[in-house]
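I have placed the structure first, in the form of structure tokens, so that the comments after it can refer back to it.
Within every chain, numbering begins at 1; the chains are lettered A, B, ... in the order of the sequence lines, protein sequences first and strands thereafter. Any value given below was found using the heavy atoms of this structure, including those in side chains, with hydrogens, waters and symmetry copies removed.
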Amino acid sequence: MKGSKHKQSLNKILPSGKPENDFFNQVWELVRQIPKGRVTSYGAIAAALGAKSGARMVGWAMNSSFGQNPVVPAHRVVNRMGQLTGKIHFPTPTQMQEQLEKENIKVINDQIVNFEKHFWDPLKEL
DNA sequence: ACGCTGACTATTA
DNA sequence: CTAATAGCCAGCG
């Protein structure tokens, strides 16, 4: 048994004394599991984690996800209406739409076309 | 320590 | 139909 590490240590305590296995970390892992060409909503993620914290905290977690490794595809997370409300928090407001278009997702006027067709429900798919 | 804000969502008027 | 408010929880001044 050398090194058969299925899962890396989930308990990464930061020197700040803050456990990384917070709600944030759970959100990041779930977002990373979003298949390419699919999108999900904040509420869906919150619901998948138990909806204890609320959809707002999911967006807050995304803000901390920048610079994470592996990178968190925050561009695949949109609001309930398929609107790119979070693009304003990206390094550049166009990056989110650009990334989505790279994945065959069409975005018009900050709105994902055929949103429910691209919608990926963590509760249903997982 | 208290209060406000915030990448949301659902409900009521 | 549209508009506004309440509920949610954690970070920041």
Just the table, please: protein N/O against nucleotides 9-13 of chain B N/O, every pair under 3.5 Å.
unit_1	atom_1	unit_2	atom_2	d
B:dT9	OP1	A:Arg80	N	2.8
B:dT9	OP2	A:Arg80	N	2.7

Which is true for A:Gly54 with a 4.0 Å heavy-atom rule: it touches a base, it touches only sugar-phosphate, or it touches nothing?
->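 Here A:Gly54 touches no strand at all.
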
Remember a base hit wins even if backbone is also touched, and classify A:Ala61 as base, sugar-phosphate or nothing at under 4.0 Å, heavy atoms.
->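 A:Ala61: no heavy atom of the nucleic acid under 4.0 Å.
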
Quickly work out the [X] [atom1] to [N] [atom2] distance and round it to whole Å.
X       : N     : atom1 : atom2 : result
A:Phe24 : C:dC9 : CZ    : C1'   : 9 Å
A:Leu49 : C:dC9 : CG    : C1'   : 14 Å
A:Ile88 : B:dT5 : CD1   : P     : 16 Å
A:Trp28 : B:dA7 : CH2   : P     : 17 Å
A:Phe90 : B:dA7 : CZ    : P     : 13 Å
A:Trp60 : C:dG7 : CH2   : P     : 21 Å
A:Phe66 : B:dA7 : CZ    : C1'   : 9 Å
A:His89 : B:dG6 : NE2   : C1'   : 8 Å

Listing, residues 113-126 of chain A side-chain donor-acceptor contacts under 3.5 Å, not counting sequence neighbours, or none:
unit_1	atom_1	unit_2	atom_2	d
A:His118	ND1	A:Gly37	O	3.3
A:Asp121	OD1	A:Leu123	N	2.9

Closest heavy-atom contact between A:Pro91 and A:Phe66?
->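 Answer, listing the atom of A:Pro91 first, then A:Phe66: CD-CE2, 3.8 Å.
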
Got a second to check how far [X]'s [atom1] is from [Y]'s [atom2], nearest 0.5 Å?
X        : Y        : atom1 : atom2 : value
A:Leu84  : A:Asn109 : CG    : CG    : 10.5 Å
A:Gln111 : A:Gln97  : CD    : CD    : 11.0 Å
A:Ser65  : A:Asn25  : OG    : CG    : 11.0 Å

Inter- and intrachain pairs under salt bridge (Lys or Arg N to Asp or Glu O under 4.0 Å), touching residues 74-101 of chain A, at least two apart =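 Found A:Arg76-A:Glu103, A:Lys87-A:Asp110.
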
Side chain to side chain contact (heavy atoms under 4.5 Å, CB included) between A:Gln83 and A:Val78, intermediate numbers included = CA-CA 6 Å; A:Gln83 237 175 352; A:Val78 293; over 6 Å; no

What integer number of Å spans the P atoms of C:dT5 and B:dC4?
->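 Going atom to atom, P in each nucleotide, I get 16 Å.
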
